[in-house]
Amino acid sequence: MGTDLHDDRLTRLRATLTEDFAAQTARLTELTADTGDPGEAHTRSALIAATRQSLGQIGDALRRMADGGYGRCDRCAGPIPVERLEAVPHARFCVPCQQKQR
């Protein structure tokens, strides 16, 4: 890991990501349950897509933790500041590279 992430911070970030993954999985299960209300179908579909995207981002972050790539920017390979990771634990880019992504 290229950042100055200490074991306790990494453990907390992993726990946060794991909890978020469980919460998003439960939400997806709830959303995919058919309520029988056709008026909610469009909204439910959008929420399902957003939840799946969140699950993907969280899963990717957990994989980067497992393979040692967590905390490194996917674009410039520089370290992502710990403060950014604490605010956005699934961050893939440092702030300058994230701004270039837009």
Side-chain angles (χ1 to χ4, degrees):
M1 205 163 341
T3 65
D4 62 351
L5 286 177
H6 300 289
D7 288 341
D8 59 330
R9 280 184 161 171
L10 183 61
T11 298
R12 280 196 312 270
L13 287 166
R14 183 179 289 117
T16 297
L17 286 164
T18 301
E19 289 168 16
D20 288 350
F21 192 86
Q24 293 295 324
T25 299
R27 181 176 185 196
L28 186 60
T29 300
E30 249 177 55
L31 289 169
T32 55
D34 188 4
T35 62
D37 184 349
E40 291 181 3
H42 179 70
T43 301
R44 192 171 48 249
S45 177
L47 290 172
I48 288 169
T51 303
R52 285 185 175 146
Q53 180 178 8
S54 291
L55 280 169
Q57 291 171 334
I58 295 165
D60 288 347
L62 289 168
R63 275 188 289 284
R64 287 192 305 277
M65 280 183 174
D67 70 17
Y70 187 76
R72 284 249 169 235
C73 178
D74 280 2
R75 185 174 186 163
C76 72
I80 299 173
V82 174
E83 296 78 17
R84 173 156 170 74
L85 292 170
E86 288 174 339
V88 184
H90 63 270
R92 292 177 39 221
F93 304 102
C94 63
V95 173
C97 288
Q98 180 65 48
Q99 290 172 341
K100 292 175 189 171
Q101 289 293 111
R102 295 183 183 161

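Since the model is a prediction, treat every value here as computed from it, not as a measurement.
Expressed to the nearest 0.5 Å, how far CG of Leu17 lies from CZ of Arg12 amounts to 13.0 Å. Distance check: Gln99 CD to Cys94 SG gives 9.0 Å after rounding to the nearest 0.5 Å.
Here Arg14 pairs with Leu10, Thr18, Leu62, Met65 under the side-chain contact (heavy atoms from CB on, under 4.5 Å) rule; sequence neighbours left out. By the side-chain contact (heavy atoms from CB on, under 4.5 Å) test, Thr16 is found to be paired with Asp20, Pro89, residues two or more places apart in sequence or in another chain being considered. Gln24 meets the side-chain contact (heavy atoms from CB on, under 4.5 Å) test with Arg27, Thr51, Ser54, Leu55, Ile58; sequence neighbours excluded. Residues passing the side chain to side chain donor-acceptor pair (under 3.5 Å) test with Glu30, sequence neighbours excluded: none. For Arg64, the salt bridge (Lys or Arg N to Asp or Glu O under 4.0 Å) test picks out no residue, with sequence neighbours left out. The side chain to side chain donor-acceptor pair (under 3.5 Å) check on Arg92 picks up Asp74, with sequence neighbours excluded. A search for side chain to side chain donor-acceptor pair (under 3.5 Å) contacts involving Arg63 returns Asp60, not counting sequence neighbours.
Applying the salt bridge (Lys or Arg N to Asp or Glu O under 4.0 Å) test to pairs two or more places apart or on separate chains, none has a residue in residues 46-55. For residues 76-87, the side-chain hydrogen bond (donor to acceptor under 3.5 Å, both in side chains) pairs, not counting sequence neighbours, are Arg9-Glu86.
Placement of Tyr70 and Phe21 within a single hydrophobic cluster is found when ILVMFWY residues are connected by side-chain heavy-atom separations under 4.5 Å, directly or transitively. Leu85 and Phe93 are members of different hydrophobic clusters when ILVMFWY side chains are connected at heavy-atom separations under 4.5 Å.
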